[in-house]
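Being a predicted model, the structure only gives us computed values, none of them experimental.
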Amino acid sequence: MNSQPSGLWSSQKIFWLVVIGIGFLLLSYSSYRAYTTSFTYDESSTVLEFVPRSYVDIFLHAPTANNHVLNTALIKLFASIFPGSELVYRLPNLLAHLVFLVFSMLLVSRVSKSTTFKILAFLLLNFNPYMLDFFSLARGYGLALGFTMVALYFCVLFFESHSKKYMVTCLVACALAVLSNFSLLNLFLGLSSLFLVSSLGMSILTRKAKPFLITTTIVTLVSVVLFVLIQSPIKELIEKKELFFGGEIGLWQDTIQSLINKTAYLLHAPTSPVYLAIFLGMCLCLLVCLGYSMLFSGRQKPSIAKHLLLLLIIVFAGIQAQHVLFGTLFIIERTALFLIPLFNVLVIFSISEATRSNKWIGNLTLSVVAVLMVGNSVSKMNSTHSLDWNHERNMKQTMVDISEFKQPYEVYFGVNWPYSVTAKFYRELYGYAWLRVIETNESEQTSRLPFDLQFAKQKSINAEKVIQLLNDNALAVYPSKSCTIRNVNHLLSDSVYNVTGQEYIDLLRDTTSNLLDSNSLLNLTVKLSIRATASIAKDLKLVLATESDILRFEKVATSCMGTDSFSLSTYYRDHVDSQGKRITAYLWNPKRESFQISDLEIKSISIE
């Protein structure tokens, strides 16, 4: 009589012990990353620019997209309780990871009676290397993911019981996700529409208007409150054209393929055929399971998978409609993160419902996907960087190393964007009152300093962080794979360089062009000042090329007025893909006119 309950208790106990143990390891991993990895530009911007503001100002104003309002407010709260540190600033997202873990445990505990299936479902929901990155960053994405899992859990409860309290909790959780990151508006609109459609169908079937009226009232009240909270910052973001992160091609190319690439932990690379095949396999499995459930499973239990599929379709339709009607960009990469748990929950419930009478088939099917995702995540785990900000992985150590240059007088630290914002963060965190951080890309003061990367290399200075003492009270530090070259090859050894009839004027010769060799994208900036008449300047062209291809072809002067001699500065900045080939830069002077070059500066940052 007691053998079956004892067995059930034993399997339940095993389930909870396993998932709690795995959850503890994952939370420990995120916590360690939050403690060790360098702060990034976006995190630094949030802490320096928005956290010092009042709570009212945080929620009402968003001059840049780095103010994820709920995340910023929580960082401010924790910073007022604990001493400032990377770990404290990232604490809201660590707690969000705990919430994500707990509610994913609760959700999978309801999906099947099979302990093995539930454990595999938990693994699938929680192992994604790109998603794990954001639980250890001081940004709103991890926070939004935590609330997304809460919303999905109560969504499932609602469709199991049709209790309105679960609908309210689901919508409130999703509203908090929106406050964490505005891209979650897509999910909120999807859930609201799903509840309205479901209640409308219920009202039609029962011929009672009450279910639809109650649902409409709940959705309206939560929506109005959310609108009041977000309309001011979103309006400001639109007015200042800050909603620029997204795609313009389509849902498949921009949204879905970007998530496939990021799940593969790839940056600036073609879609991985292996991970594309895994995704398409999951989609095929999803369709087969849904089709089988509709044809053969009958009406033994309400189908959660069908409602989740409808939710996903509504979300995709809403994204497409926004693009067509308002020109909104397609969500990509981190702004589309919430689609990962939504899709995985749909896959889990679809397999579970289709294999209720054949649990071993369900276990086998889910184990294939879960094992692949766990293997992928474990192989990408690290304590040094996050994928989207890999180029800033050395900034923390760089700022620690700078402490040896402490002087009784002010020391200048010239650094290229985006490292400059992170450098300012660490200056405040470490209390480097003696250090003055200057962004060399824009500062006129530092643009006159004689940066010379060749000199630094001749002095055998650390190649990872090229450090050059310029004079008694000036220091220039460039993180890994970043350089500034000024007056290349002594082209301007005198005050000016006189061009007398040459058709091609080398700006970047072989002796230094190897400094710009790269197998990845380069953020390349060229500044050039000339003295010439307008009739001459308008025909000059700046050319960037490799041994075999012209990469860029730009006019030095897009508009010139008058015929008198004048000084003209051209500023060119763009992403350049050298494809591993040597880059050269030169002026093309097709009319072979005479003029003077008064200043030249070339900067590059490798984008890994």
Side-chain angles (χ1 to χ4, degrees), residues 104 107-114 116-118 120-125 128 148-149 151-162 170 186-187 190-191 193-202 205 251-252 255-257 259-260 263 275-320 336 338-373:
S104 61
L107 190 147
V108 300
S109 69
R110 311 182 66 84
V111 75
S112 172
K113 292 181 179 180
S114 168
T116 302
F117 189 92
K118 290 187 288 188
L120 291 170
F122 181 78
L123 293 175
L124 179 59
L125 285 177
N128 184 293
T148 295
M149 186 53 68
L152 291 176
Y153 173 70
F154 283 103
C155 177
V156 169
L157 290 187
F158 171 76
F159 285 110
E160 286 181 347
S161 65
H162 291 281
C170 173
N186 294 288
L187 181 60
L191 284 169
S193 301
L194 178 66
F195 290 141
L196 289 171
V197 169
S198 174
S199 63
L200 179 61
M202 183 68 69
L205 288 175
L251 277 169
W252 171 253
T255 304
I256 298 174
Q257 286 197 23
L259 288 177
I260 294 172
T263 297
Y275 289 87
L276 178 60
I278 293 173
F279 172 74
L280 293 177
M282 292 176 70
C283 291
L284 179 61
C285 175
L286 176 66
L287 293 175
V288 170
C289 289
L290 286 171
Y292 182 86
S293 297
M294 293 173 66
L295 293 173
F296 302 108
S297 292
R299 299 180 178 270
Q300 298 173 0
K301 291 180 67 176
S303 174
I304 303 300
K306 294 175 185 176
H307 290 98
L308 292 172
L309 177 63
L310 181 57
L311 173 60
L312 187 62
I313 292 172
I314 292 172
V315 169
F316 279 145
I319 296 170
Q320 184 67 48
F338 70 92
L339 292 172
I340 293 176
L342 173 56
F343 180 73
N344 287 339
V345 170
L346 171 58
V347 169
I348 289 166
F349 273 94
S350 298
I351 296 175
S352 175
E353 291 175 8
T355 59
R356 282 172 182 161
S357 58
N358 297 284
K359 291 184 173 58
W360 67 271
I361 296 178
N363 292 345
L364 179 62
T365 305
L366 189 59
S367 66
V368 174
V369 182
V371 169
L372 287 172
M373 290 299 100

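Remark: N344 pairs with no residue by the side-chain hydrogen bond (donor to acceptor under 3.5 Å, both in side chains) rule, at least two apart or across chains. A search for ring-ring contact (aromatic ring centres under 6.0 Å, His included) contacts involving F343 returns F279, not counting sequence neighbours. Judged as a side chain to side chain contact (heavy atoms under 4.5 Å, CB included), and not counting sequence neighbours, the contacts of T255 are L251, F330, I331, A336, L339. When the side chain to side chain contact (heavy atoms under 4.5 Å, CB included) test is applied to S350, the partners found at least two apart in sequence or on another chain are L286, C289, L290, A305, L346. Taking the ring-ring contact (aromatic ring centres under 6.0 Å, His included) definition, one finds that F349 meets it with nothing, sequence neighbours left out. Take L287 and apply the side chain to side chain contact (heavy atoms under 4.5 Å, CB included) test, not counting sequence neighbours, and it matches no residue. Annotation: side-chain hydrogen bond (donor to acceptor under 3.5 Å, both in side chains) contacts of T365 (sequence neighbours excluded): none. Legend: residues meeting side chain to side chain contact (heavy atoms under 4.5 Å, CB included) with K113, ordered by chain and number and at least two apart, are K359. S193 meets the side-chain hydrogen bond (donor to acceptor under 3.5 Å, both in side chains) test with no other residue; sequence neighbours excluded.
Counting only heavy atoms from C-beta outward, the side chains of L366 and L124 approach each other to under 4.5 Å. Counting heavy atoms from C-beta on, the side chains of L107 and V345 come closer than 4.5 Å. Using a 4.5 Å heavy-atom threshold, the side chains of L194 and F158 count as separate.
Taking CZ from F195 and CG from L311, the interatomic distance works out to 8.5 Å, rounded to the nearest 0.5 Å. C155 contributes atom SG, which lies 5.5 Å from atom CG of L191 (distance to the nearest 0.5 angstrom). Between the CD1 atom of I340 and the CE atom of M373 there is a distance of 10.0 Å, given to the nearest 0.5 Å. A distance of 5.5 Å separates OG of S104 from CE of M149, quoted to the nearest 0.5 Å. Between atom CD1 of residue I304 and atom CG of residue L152 there is a gap of 12.0 Å, rounded to the nearest 0.5 Å. The line from CG of L120 to CZ of F117 is 8.0 Å long, rounded to the nearest 0.5 Å.
The minimum heavy-atom distance linking S112 with K118 is given by the pair O-CD, 3.2 Å. Considering all non-hydrogen atoms of both residues, T355 and I351 come closest at OG1-O, 2.6 Å.
Without hydrogens or angle criteria, T148 side chain to F338 main chain gives no donor-acceptor distance under 3.5 Å.
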